[in-house]
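Below, chain A is the first sequence line, B the second, and so on; all start at residue 1.
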Amino acid sequence: MSFEFEIVARDGSARAGILHTPHGDIPTPVFAPVGTSGTVKAVPPRDLRALDIHLILANTYHLYLRPGDELVRDMGGLHRFMNWDGPILTDSGGFQVFSLSEINEIDDHGVTFRSHLDGSVMRLDPAISMAIQQNLGADIIMAFDQCPPPDEREEVSAAVERSHRWLARCREAHPNDDEQALFGIVQGGVFPDLREKSARFVSDMDLKGIAIGGLAVGETKAEMAATLDHTLPCLPDGVPRYLMGVGEPDDLVEGIRRGVDMFDCVIPTRLARHGAAFTHDGRINLRNARFKRDEAPLDAHLNNYTSQFSRAYLRHLVVAKELLAYYLLSLHNIDFLARHVENMRRAIIEGKLQKYAAQFLTRFMRPPEAHP
RNA sequence: GUGGAUGUAGCUCAAUGGCAGAGCACCUGAUUGUGGUUCAGGCGGUUGAGGGUUCGAGCCCCUUCAUCCACC
């Protein structure tokens with residue numbers, strides 16, 4: 001059992017690689033759909049395999065609250081529990097503590113909070129997060145960090161220091177990377193000096209992977225790109241870089257062309273729940289009345305299971321709040337992002353990433369009124 | 001046929017005789033380390049019809065139409 005990362009091709013700053021994990025190899029760049037409660041909502045493993053998904057993210061915070069990490073452990077671990085035999089990544093639970101729960105107290109040791117489910121008082125700190133993630137048994141686990149608003153310097157600076165101390169404690173609590181690889185997380189908001197400082201600190205920890213956190217949380221796309229420009233050159237070359245919580249199709253382009261290897265995002269399934277779909281001509285909102293009698297499939301340039309249904313029918317399912325709407329749109333949106341990343345991997349190997357990126361962005365970012 | 005009640009936005013309903021409103025629906029937009037939510041904005045009216053009183057009527061008076069209920 002090992003976590004080796006091989007880089008198989010480069011195109012400028014972008015890389016294509018293979019990450020070996022106990023549950024299989026992950027071709028990178030890779031996009032990981034996110035699942036609450038240990039499963040990708042509305043899309044079963046059978047479909048994810050059919051879509052050639054190589055990695056999924058499961059949420060530590062959600063599983064900790066329900067059904068509980070010890071139950072998952074007793075049921076044979078997350079892979080067996082959700083019947084997914086491919087690689088799994090768990091987040092630390094920290095982000096949701098800050099975004100979903102009512103914080104009671106944050107101190108240098110950890111966070112006391114109230115569950116958003118039943119209001120009960122809970123505690124999370126580096127050691128607890130490591131223990132939970134060990135019980136869950138994912139292939140890749142994340143350090144417990146603090147993700148503040150990205151543009152308040154004092155708060156960001158304090159969060160960087162705190163996240164660094166917490167990373168050291170995670171390292172102590174999780175010395176064995178053979179079965180589970182621990183990834184550290186770079187913070188620093190939109191401030192270049194803080195990012196550089198954090199990147200160097202995390203790089204010195206000799207981790208199996210390094211994540212860039214604290215982005216896609218309210219800053220502009222230009223700020224995110226600039227932050228990546230400041231951060232990625234400070235990271236070691238031979239270690240996978242993971243941009244957390246990203247993202248939208250254009251963000252994946254910007255990340256990959258700068259050398260990001262891994263992404264996760266809720267957006268394909270969240271958009272599905274909101275009745276929206278990715279297409280090569282941009283995002284569409286199926287609630288729009290203009291699709292009422294549209295017989296075309298969602299995206300003429302992406303053939304998948306959902307293609308056999310008309311936009312008019314899918315719109316009807318969305319408006320009627322039918323469960324099938326969430327399923328079909330999730331399937332389509334996950335497929336869109338997976339194929340998009342796969343195309344970029346192939347383009348890197350062929351030395352044509354910039355050409356692909358330019359063509360993709362030109363179409364995808366066209367103003368809506370120009371769409372067919 | 002008699003008595004009573006009710007007629008206001010697509011729907012359900014507000015509005016001392018003083019700028020005709022809300023919720024839902026409909027039409028847009030937002031949502032980036034998951035709760036289908038939520039948020040922001042927009043369209044929407046000859047107050048059933050006709051007449052009268054009044055400075056001013058959705059509201060008061062008369063006529064009429066429609067719907068519902070009760071009783072012949």
Side-chain angles (χ1 to χ4, degrees), chain A residues 31-43 55-63 65-66 88-101 115-117 129 133 138 140-148 150 163 183-187 209-221 223-225 227-228 242-255 260 262-276 278 282-292 315 317-327 329-330 333-334 337 367-369:
Chain A
F31 173 81
V34 178
T36 300
S37 297
T39 183
V40 175
K41 196 179 285 184
V43 181
L55 174 67
I56 64 176
L57 184 148
N59 298 103
T60 292
Y61 171 85
H62 295 271
L63 292 167
L65 300 189
R66 184 175 59 192
I88 299 175
L89 159 70
T90 45
D91 58 16
S92 70
F95 186 84
Q96 279 79 25
V97 166
F98 294 106
S99 67
L100 293 180
S101 73
S115 159
H116 75 282
L117 290 178
S129 177
Q133 293 187 77
I140 297 170
I141 66 177
M142 300 303 299
F144 188 71
D145 67 334
Q146 184 187 356
C147 176
S163 294
F183 281 25
I185 304 174
V186 175
Q187 288 289 342
I210 297 179
I212 298 161
L215 287 177
V217 289
E219 81 287 356
T220 65
K221 283 178 183 285
E223 287 173 321
M224 181 162 83
T227 301
L228 291 177
Y242 165 28
L243 180 54
M244 304 188 76
V246 173
E248 294 171 1
D250 51 315
D251 295 327
L252 298 179
V253 172
E254 299 304 337
V260 174
M262 301 169 55
F263 304 85
D264 78 277
C265 196
V266 304
I267 208 156
T269 41
R270 177 174 292 170
L271 284 186
R273 273 179 269 125
H274 297 163
F278 290 124
R283 207 175 100 179
I284 60 174
N285 183 352
L286 281 171
R287 301 197 80 97
N288 288 4
R290 58 191 236 241
F291 300 120
K292 251 177 197 169
R315 177 182 194 274
L317 295 177
V318 167
V319 170
K321 301 187 194 311
E322 294 288 353
L323 294 178
L324 188 55
Y326 307 123
Y327 173 68
L329 291 182
S330 292
N333 286 335
I334 290 172
L337 294 182
E369 56 269 24

Does [X] reach a base, just sugar-phosphate, or nothing at all? Heavy atoms under 4.0 Å.
| X | value |
| --- | --- |
| A/Gln187 | base |
| A/Leu117 | base |
| A/Gly94 | nothing |

- Query: 5'-most contact on RNA chain B: A/Leu271 or A/Tyr61, nearest heavy atom basis?
  - Reply: A/Leu271
- Select from A/Arg315 and A/Ile267 the residue whose nearest nucleotide in RNA chain B is closer to the 5' end of that strand. A/Arg315
Between [N] and [M], how many Å separate the two [atom1] atoms, rounded to a whole number?
| N | M | atom1 | value |
| --- | --- | --- | --- |
| B/U31 | B/A40 | C1' | 12 Å |
| B/U64 | B/G3 | P | 12 Å |
| B/G18 | B/U12 | C1' | 27 Å |
| B/U38 | B/C71 | P | 46 Å |
| B/C19 | B/A30 | C1' | 33 Å |
| B/G29 | B/C69 | C1' | 48 Å |
| B/C13 | B/U8 | C1' | 9 Å |
| B/C65 | B/G51 | C1' | 15 Å |

- Query: Using 30° and 60° as the class limits, which term best fits the ring planes of A/Tyr61 and A/His116: parallel, tilted or perpendicular?
  - Reply: parallel
Selection from [options] that lies nearest to any side-chain heavy atom of [X]:
| X | options | result |
| --- | --- | --- |
| A/Asp251 | B/G35, B/U32, B/G33 | B/U32 |
| A/Leu323 | B/G36, B/U32, B/G33 | B/G36 |
| A/Ile185 | B/G33, B/U32, B/G35 | B/G33 |
| A/Ala289 | B/C26, B/U28, B/G35 | B/U28 |
| A/Lys321 | B/G33, B/C26, B/U37 | B/U37 |
| A/Arg283 | B/G36, B/G33, B/A30 | B/A30 |
| A/Lys221 | B/G33, B/G36, B/U32 | B/U32 |
| A/Cys265 | B/C27, B/U32, B/G36 | B/U32 |

With both distances kept under 3.5 Å, what pairs with [N], Watson-Crick or G-U wobble?
| N | value |
| --- | --- |
| B/A9 | none |
| B/U53 | none |
| B/G33 | none |
| B/C27 | B/G41 |
| B/C59 | none |
| B/A14 | none |
| B/G3 | B/C69 |
| B/U47 | none |

Take the protein atom [atom1] of [X] and the nucleotide atom [atom2] of [N], then report the distance between them rounded to whole Å.
| X | N | atom1 | atom2 | answer |
| --- | --- | --- | --- | --- |
| A/Ile284 | B/A30 | CD1 | P | 13 Å |
| A/Arg287 | B/U38 | CZ | C1' | 14 Å |
| A/Glu248 | B/U31 | CD | C1' | 9 Å |
| A/Glu219 | B/G33 | CD | C1' | 13 Å |
| A/Leu252 | B/U32 | CG | C1' | 10 Å |
| A/His274 | B/A40 | NE2 | C1' | 15 Å |
| A/Asn285 | B/A40 | CG | P | 18 Å |
| A/Arg273 | B/U37 | CZ | C1' | 9 Å |

Distance below 4.0 Å between [X] side-chain N/O and [N] OP1 or OP2:
| X | N | value |
| --- | --- | --- |
| A/His116 | B/G35 | no |
| A/Asn288 | B/C27 | no |
| A/Asn59 | B/G35 | no |

- Message: Whether A/Glu248 and A/Lys221 form a salt bridge (side-chain N of Lys/Arg under 4.0 Å from carboxylate O of Asp/Glu) is what I want to check.
- Response: yes
Is any side-chain heavy atom of [X] less than 4.5 Å from a side-chain heavy atom of [Y]?
| X | Y | result |
| --- | --- | --- |
| A/Val186 | A/Ile210 | yes |
| A/Val43 | A/Pro33 | no |
| A/Phe95 | A/Val217 | yes |
| A/Ser92 | A/Asp145 | yes |

- Message: Here's a test for you: under side-chain contact (heavy atoms from CB on, under 4.5 Å), which of A/Asp91, A/Ile141, A/Leu63, A/Leu89 qualifies with A/Gln133?
- Response: A/Ile141
- CA sep, side-chain torsions, deciding dist, call: A/Val34, A/Thr269, side chain to side chain contact (heavy atoms under 4.5 Å, CB included): CA-CA 8 Å; A/Val34 178; A/Thr269 41; 5.9 Å; no
